[in-house]
Amino acid sequence: MDKYMMNESELPLRDVVFRTLRRQILMGELKPGERLMEVKLTKKLGVSRTPVREAIHMLELEGLAKIVPRRGATVSNITEEDLQDVLEVRCALEELAVELACARRNEEDIVSIKKAAKAFIEATRAGNISEMAERDVEFHNHIFSATGNKRLIQLVGNLSERMYRYRIEYLKNKAVYAGLIREHNDIIRFIEENAPSEARGAIRQHITNQVEQVSLDIKAGKENKER
């Protein structure tokens, strides 16, 4: 079971704190560059300093926090460089995934992918960004599952948290939803038709659109701070 899907009562206290802080960072409640002060967080969350300290180290491993000796921890900035690095790797893995999925998918895989795409559409109607992100993750995970390649699935899992942050940033813009739905449908169609070249092109464009939009948002954020 995914540790983020477990009931909080089943998790160690440090993981509960980690999940809380992670959610606040991803949803923008804790802003990039904001200090993660242990004393303040212990009072706010009603826990001791130890689980807070351990949770902050877990956030650092996920790339969501930066710890500087003698200065403390801050929420990691969202940078164009990191965006490009993460999504270039994601694009390569996703292109490989759709190509393998074209050759190896079965009817059950197609049904699962279509079901996930429909769930994403329903989430956009509800307007819950966190729910949309989870449904989008499921859509892509079903494609990876259709490859039958356990090592590929593991590699994607290692990048999942870094990708999730940019996915959330992208989904904050309602103007992209219609395009995302069309892109999902194109990807499904090409996998179903066993058209690997077209599927690779569709997934590449899908990710490129995300990179370009989030890059624009990062630049806009910088300009607003400079004013």
Side-chain angles (χ1 to χ4, degrees), residues 2-4 8 14-47 49 51-91 123-124 127-137 140 156-177 179-180 206-227:
D2 190 311
K3 65 182 178 180
Y4 301 124
E8 290 196 349
R14 68 175 184 182
D15 288 351
V16 175
V17 175
F18 165 70
R19 279 172 42 138
T20 300
L21 296 179
R22 173 182 177 271
R23 182 168 56 248
Q24 291 176 354
I25 291 172
L26 293 175
M27 298 308 295
E29 295 171 28
L30 289 171
K31 307 293 184 184
E34 184 172 341
R35 291 189 65 189
L36 297 171
M37 302 174 66
E38 289 183 15
V39 174
K40 181 179 178 180
L41 290 172
T42 57
K43 291 180 180 178
K44 181 180 178 180
L45 301 174
V47 297
R49 293 183 68 171
V52 170
R53 187 177 300 116
E54 291 174 343
I56 290 173
H57 280 287
M58 292 170 71
L59 290 170
E60 184 181 37
L61 292 175
E62 301 287 2
L64 296 176
K66 182 178 180 180
I67 300 175
V68 178
R70 295 184 296 278
R71 292 180 60 186
T74 58
V75 176
S76 294
N77 288 316
I78 298 174
T79 67
E80 288 188 78
E81 181 181 7
D82 191 53
L83 169 69
Q84 290 286 347
D85 288 349
V86 171
L87 294 188
E88 280 177 2
V89 175
R90 177 188 169 190
C91 190
T124 63
N128 186 316
I129 293 176
S130 181
E131 182 72 14
M132 279 186 270
E134 292 297 334
R135 300 294 76 78
D136 191 46
V137 168
H140 288 274
V156 174
N158 292 340
L159 272 177
S160 62
E161 296 313 312
R162 301 302 289 270
M163 294 190 295
Y164 194 87
R165 192 179 194 190
Y166 300 119
R167 181 176 269 116
I168 287 283
E169 288 302 311
Y170 191 44
L171 291 171
K172 288 177 182 177
N173 185 346
K174 293 182 179 180
V176 306
Y177 297 171
L180 269 171
H206 182 61
I207 295 170
T208 297
N209 290 343
Q210 182 175 345
V211 173
E212 291 177 350
Q213 183 59 54
V214 177
S215 292
L216 288 174
D217 293 341
I218 292 172
K219 290 176 183 176
K222 286 182 179 178
E223 291 175 358
N224 289 335
K225 286 183 179 179
E226 292 171 356
R227 288 174 183 172

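Since the model is a prediction, treat every value here as computed from it, not as a measurement.
Pairing each heavy atom of E60 with each of I67, the nearest pair is OE1-CD1, 3.4 Å. Closest non-hydrogen pair, A123 versus R135, comes out as CB-CG, 4.0 Å. S160 and G157 get closest at one heavy-atom pair: OG-O, 2.8 Å. In terms of heavy atoms, R71 sits closest to R35 at O-NH2, 3.6 Å. Between V17 and A55, the closest heavy-atom pair is CG1-CB, 3.6 Å.
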- Message: Applying side chain to side chain contact (heavy atoms under 4.5 Å, CB included) to Q24 and E34, what does each step give before you reach the verdict?
- Response: CA-CA 12 Å; Q24 291 176 354; E34 184 172 341; over 6 Å; no

- Task: Begin with the C-alpha distance, continue with both residues' side-chain angles, and end with the deciding distance and a verdict on side chain to side chain contact (heavy atoms under 4.5 Å, CB included) for L36 and V75.
- Result: CA-CA 7 Å; L36 297 171; V75 176; 3.9 Å; yes

- Task: Run the numbers on R165 and I25 for side chain to side chain contact (heavy atoms under 4.5 Å, CB included), then give the verdict.
- Result: CA-CA 9 Å; R165 192 179 194 190; I25 291 172; 3.9 Å; yes

- Message: With side chain to side chain contact (heavy atoms under 4.5 Å, CB included) as the criterion, how do L83 and I78 come out once you've worked through the C-alpha distance, each side chain's angles and the decisive distance to 0.1 Å?
- Response: CA-CA 7 Å; L83 169 69; I78 298 174; 5.8 Å; no

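Y166 has its side chain out of reach of R90: every pair of non-hydrogen atoms, C-beta onward, lies at least 4.5 Å apart. The shortest distance between side-chain heavy atoms of I218 and V214 falls below 4.5 Å. With contacts defined as side-chain heavy-atom distances shorter than 4.5 Å, the pair T74/V68 does not qualify. Proximity of V137 to M163: side-chain heavy atoms (C-beta onward) are nowhere separated by under 4.5 Å. In this structure, R53 and H57 have side chains that are in contact, with non-hydrogen atoms separated by less than 4.5 Å.
A donor-acceptor pair shorter than 3.5 Å cannot be found between the side chains of N209 and Y170.
To the nearest 0.5 Å, atom CD of residue Q213 and atom CG of residue N173 are 4.5 Å apart. Separation of atoms CG (L21) and CG (L45) is listed at 6.0 Å; rounding is to 0.5 Å. Atom CZ in R14 sits 14.0 Å away from atom CD1 in I56 (nearest 0.5 Å). To the nearest 0.5 Å, the span separating CG on D217 from CD on E169 amounts to 7.0 Å. Note that CG of L87 and CG of L159 are 9.5 Å apart. Values are rounded to the nearest 0.5 Å. The distance from atom CG of L180 to atom NE2 of H206, rounded to the nearest 0.5 Å, is 5.5 Å.
The cationic group of R22 lies under 6.0 Å from the six-membered ring centre of Y164 and within 45° of the ring axis, placing it in a cation-pi geometry.
In terms of modelled atom types and a separation under 3.5 Å, the side chain of S76 and the main chain of A65 share a donor-acceptor contact.
In the displayed structure, K40 atom NZ is contacted under 6.0 Å by at most 12 heavy atoms of other residues, nucleotides or ligands.
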